[in-house]
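Input: a single structure, listed below in C-alpha cells.
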Amino acid sequence: MILYNVTVILDEEIQQEYLEWLKQKHVPEVMKLSGFASSRILKVLDSPNEGVTYCIQYVADSREQYDNYLQHHAPALRNSFPETFTNKFVVYRSLMEYVN
C-alpha cells in the first residue's frame, strides 16, 4: 500500500476558508477521480513553521494506482485552488510505502 501525503502550510488568514474548501470540495473530488482507498486530514500541532499546517493523506492500493492519479488527474486538481488562496500557502508532497 502507498501513502500519498500532502503537507500544506497556510497563512492564518485563510485557514478556515481553506479547511472548508478542502473538506467540501477538494478531498471529495480527489477521492472520486483517483480511486484512492481512503483519505484523512490532520492538523499539525507542533509545526516549526509560521502559519497553520495541515497534512492531507491518501491511501492507494498500489503504486500503479497512484501513478494513474498523478498522470491523469493531479495536474488539473493541483490547479483548482481558488484564487483567494494564491500566494498564501506552500505545499510539500511525499510518497511513502507501508512496511510490514
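Values reported hereafter were calculated over all heavy atoms of this structure, with side chains retained and with hydrogens, waters and symmetry mates removed.
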Under 4.5 Å between side-chain heavy atoms, chaining through other members, with only Ile, Leu, Val, Met, Phe, Trp and Tyr counted: pull out the rest of the cluster around Leu45, sorted by chain and number.
none

Test of understanding: clusters of I, L, V, M, F, W, Y form through side-chain heavy atoms closer than 4.5 Å, transitively. Do Met96 and Tyr98 belong to the same one?
yes

Applying side-chain hydrogen bond (donor to acceptor under 3.5 Å, both in side chains), which residue pairs with at least one partner in residues 41-51 are found, sequence neighbours left out?
Ser47-Asn49, Ser47-Thr53

What's the spacing between Asn5 CG and Arg40 CZ if we round to 0.5 Å?
9.0 Å

Aromatic rings Tyr66 and Tyr69: how do their planes relate, parallel, tilted or perpendicular, breaks at 30° and 60°?
tilted

In this structure, NE2 of His72 is separated from CG of Leu70 (nearest 0.5 Å) by 10.0 Å

Supply the atom-to-atom distance Asp67 CG to Leu95 CG, rounded to the nearest 0.5 angstrom.
8.0 Å

Atom CZ of Phe89 and atom CG of Asp11: how far apart are they, to the nearest 0.5 Å?
10.0 Å

Go through the steps for Ile56 and Ser39 under the test side-chain contact (heavy atoms from CB on, under 4.5 Å), then give the verdict.
CA-CA 7 Å; Ile56 303 90; Ser39 66; 5.6 Å; no

Transitive ILVMFWY side-chain link Val90 to Phe85, under 4.5 Å
no

Within the 4.5 Å heavy-atom criterion, are Glu17 and Lys88 side-chain neighbours or not?
no

Between Tyr4 and Leu77, is there a shared hydrophobic cluster once you connect ILVMFWY residues whose side-chain heavy atoms come closer than 4.5 Å?
yes

Starting at CD of Gln24, measure out to CD of Glu29 and round the result to the nearest 0.5 Å.
13.5 Å

Please test Leu19 against Leu10 for side-chain contact (heavy atoms from CB on, under 4.5 Å), starting from the C-alpha separation and ending with a verdict.
CA-CA 10 Å; Leu19 190 56; Leu10 307 165; over 6 Å; no

Linking I/L/V/M/F/W/Y whenever their side-chain heavy atoms sit closer than 4.5 Å, directly or via other members, would Leu3 and Met31 fall into one cluster?
no

Return yes when atom CD of Glu97 has more than 12 non-hydrogen atoms of other residues, nucleotides or ligands closer than 6.0 Å, and no otherwise.
no

Heavy-atom nearest pair, Pro28 first then Leu22, reads CD-O, 3.7 Å

Which class fits the ring pair His26 and Trp21: parallel under 30°, tilted 30 to 60°, perpendicular over 60°?
parallel

Answer with yes or no whether the hydrophobic clustering places Val6 together with Leu33; edges join I, L, V, M, F, W, Y residues whose side-chain heavy atoms lie under 4.5 Å apart.
yes

A side-chain contact here means heavy atoms from C-beta on lying under 4.5 Å apart; do Gln57 and Leu42 qualify?
yes

Can Met1 and Asp61 be said to form a side-chain contact (heavy atoms from CB on, under 4.5 Å), step by step?
CA-CA 5 Å; Met1 294 183 71; Asp61 292 325; 4.2 Å; yes

Sub-4.5 Å side-chain heavy-atom contact between Tyr18 and Val8
yes

